[in-house]
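We use all heavy atoms of the structure for the numbers below, so side chains are in, but hydrogens, waters and symmetry mates are not. In this text, all values refer to a predicted model and were calculated from it rather than measured experimentally. In what follows, chains carry the letters A, B, and so on, assigned in the order in which the sequence lines appear, proteins first and then strands, with residues in each chain numbered from 1.
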Amino acid sequence: MKKFFAFMLILALSAGICFADEAKLKSTSQLKTEKLAAQRGTVGQFIAEDLLGDKKGTLLTTYEKYVDAIAALRQGKVRAVIMDEMPAKRFLNEVDGLTIMSEPMSEENYAIGFRKGNTELVNAVNKALSEMKADGTMDAIFAKYLNGDYSSIKPEDIDFNKGAKGGKLFVGTEAGFAPYELKVGTGYIGIDVEMCAAIAKKLDRELVIENMNFDALPMAVSTNKVDMICAGITVTDERKENMDFSDNYVVGAKQVAVVRADDYEK
Amino acid sequence: MKSKRYEGAGRGDVLLWIAGLALLYLLWDSGFFTAAAWQDFNRRFYQNFIKDSRYMMLVDGLKSTIFMTSGATVIGVIVGLILSVIRVAHKGGVHIPVLNKLAETYITVLRGTPAMVQLLIWNFTIFASARDLNTQYIAILAFGLNSGAYVAEIFRGGIESIDAGQMEAARSLGLTYGSSMRHVILPQALRNVVPMLFNEFIALLKETSIAGYIGIDDLTRAGQNIQALTLEHSQPLVMVAIIYLVIVLLLTKLVSKLEQWLSRGRRG
């Protein structure tokens with residue numbers, strides 16, 4: 001057993017030494033034949049699948065969390081991570097040696113997801129959303145998170161409307177997607193969280209956040225585990241078949257390819 | 001399992017030493033031991049664990065992990081004991097074919113499917129509409145019932161390890177099957193299985209790391225939450241691994257002490 005481990009260790013070391021240099025990336029069209037990563041169940045995964053076609057089985061790796069995908073990128077396990085632009089920018093701020101390819105992969109709209117046929121709640125939320133768009137509430141929430149520094153935003157300052165008469169509003173999310181949702185200590189902050197809090201207030205209900213994995217969200221809303229899911233969810237035709245969506249609250253959010261800075265030539 | 005004693009340096013040890021030294025050299029070569037790297041390590045450590053009392057996220061996660069593990073162990077032991085007694089009694093001539101079949105099916109199904117799949121089914125299918133129920137209780141139930149199937153086999157092994165002559169002697173003294181079981185067989189069997197139950201507790205402790213899938217912030221998930229905050233990959237995970245390891249080592253130590261204590265005064 002010990003011999004085996006020693007052998008494996010030497011093998012791993014020599015593999016590390018013999019790592020070969022490759023030509024740098026220039027445009028997103030090159031990504032068709034490269035190893036890519038995305039967070040499981042996200043639009044980034046769908047884009048990468050379309051891009052790779054038949055080769056997706058061997059070239060695409062999907063991870064449970066963005067942090068894992070970015071780690072794989074930094075370690076050279078993949079050449080690019082396909083993800084949403086705003087969270088990608090946050091990674092660039094916090095982590096050295098990464099950059100975003102200048103051409104976006106696609107543009108998307110975000111909306112809140114509901115169980116198919118839950119028209120009553122969809123309508124109520126749409127009404128709340130249009131009021132919040134009109135009276136500047138939405139703009140104020142987006143402005144708060146624009147500069148990429150959330151250290152001054154405290155979860156306890158967000159009003160979850162505790163003890164509301166209308167009962168609880170269960171919202172499923174995946175709190176690793178700043179600036180939209182992020183777990184801080186024992187609470188949550190983010191654009192989606194503040195927006196849902198404002199919606200809950202308008203519906204006279206108490207907001208309850210259920211933090212789960214992104215790929216579990218559609219299941220949670222369709223089995224009625226939560227009333228709605230709000231996690232920077234892109235509206236796609238495929239998803240529309242399985243759930244209902246509110247009106248868009250983010251229009252034109254870009255999907256981008258994150259790559260290593262030393263692996264990219266503009 | 002008894003730990004193997006160190007038996008001098010073999011060829012494997014020499015290889016391991018060479019590999020270890022090569023690894024050290026590579027680390028040194030890549031600037032791992034420089035002052036800058038140390039400062040960077042400290043800065044990241046501060047970011048991950050100290051700033052805004054982020055270590056409290058790990059502490060809360062650990063509480064949740066221990067709470068779930070303890071609860072699941074209690075359920076597991078109760079369920080396991082019932083199942084094993086049914087199976088052993090059936091084998092010993094008590095006529096309970098339906099109960100026995102049920103117990104057998106239970107053990108087959110719960111041991112034959114991954115705990116992760118069971119957890120998801122409990123949360124998203126069986127308890128789909130239970131919203132106000134704390135998800136941790138669902139996890140305790142899922143892990144406990146799963147563990148029960150394994151504990152049943154542990155108990156059965158323990159009971160069957162008691163010499164058949166004990167039962168025959170008890171019965172010939174006029175005790176019923178039930179009281180022979182309760183007063184003669186089970187006390188001896190328990191003594192044999194207690195260390196294995198602790199091992200089951202240790203296994204459960206590690207198994208609860210999948211609870212994050214149904215949205216519970218256990219120790220593993222707490223590490224992932226810190227990752228999402230600081231966008232740093234290695235330190236939170238390594239810290240989580242160290243915490244698990246320390247607890248498991250402490251428990252293992254406890255089990256070996258317990259084994260010694262249980263085997264005191266045993267004729268042999």
Quick one: what part of I70(A) sits under 4.5 Å from any heavy atom of chain B, side chain, backbone, both or neither? neither
Taking the inter-plane angle between the rings of W38(B) and F41(B) on a 0 to 90° scale, is it parallel (under 30°), tilted (30 to 60°) or perpendicular (over 60°)? parallel
Is the cationic atom of R40(A) (NZ for Lys, CZ for Arg) positioned less than 6.0 Å from the six-membered ring centroid of F214(A) and within 45 degrees of its normal? no
What part of E232(B) gets closer than 4.5 Å to chain A, counting heavy atoms only: side chain, backbone, both or neither? backbone
With a 3.5 Å distance limit and no angle check, can you tell me whether S246(A) reaches the backbone of I112(A) through a side-chain donor-acceptor pair? yes
So F142(A) and Y180(A), would you call those rings parallel, tilted or perpendicular, with 30° and 60° as cut-offs? perpendicular
Which one wins on heavy-atom pair count under 4.5 Å against chain B: F91(A), Y150(A), Y66(A)? F91(A)
M56(B) versus chain A, heavy atoms under 4.5 Å apart: side chain, backbone, both or neither? neither
E64(A) side chain to N213(A) main-chain N or O, any donor-acceptor pair under 3.5 Å? no
For residues T62(A) and Q45(A), is any side-chain donor paired with an opposing acceptor at under 3.5 Å? no
Which region of N123(B), side chain (C-beta onward) or backbone (N, CA, C, O), has a non-hydrogen atom less than 4.5 Å from a non-hydrogen atom of chain A, or is it both or neither? both
Measure distances from F170(A) to the heavy atoms of chain B and classify the residue's part below 4.5 Å as side chain, backbone, both or neither. side chain
Option that, when pairs with chain B are counted at under 4.5 Å, heavy atom only, ranks first among A175(A), G176(A), A71(A): A71(A)
V95(A), part contacting chain B, at a heavy-atom distance under 4.5 Å: side chain
Tell me, for R74(A) versus chain B, whether the close heavy atoms (under 4.5 Å) come from the side chain, the backbone, both or neither. neither
Tell me, for K225(A) versus chain B, whether the close heavy atoms (under 4.5 Å) come from the side chain, the backbone, both or neither. both
Report which part of R131(B) has an atom under 4.5 Å of a heavy atom belonging to chain A: side chain, backbone, both, or neither. both
Crowded around D262(A) CG? As in, over 12 foreign heavy atoms under 6.0 Å? yes
In terms of heavy-atom proximity below 4.5 Å to chain B, should V208(A) be classed as side chain, backbone, both, or neither? neither
Using heavy-atom distances under 4.5 Å, tell me whether T125(B) contacts chain A through its side chain, its backbone, both, or neither. neither
Taking atom types as modelled and ignoring hydrogens, do the side chains of E174(A) and Q39(A) form a donor-acceptor contact shorter than 3.5 angstrom? yes
Which atoms of D52(B) are under 4.5 Å from chain A, going by heavy atoms: the side chain, the backbone, both sets, or neither? neither
Among T223(A), N224(A), N211(A), single out the residue with the greatest number of heavy-atom pairs under 4.5 Å to chain B. N211(A)
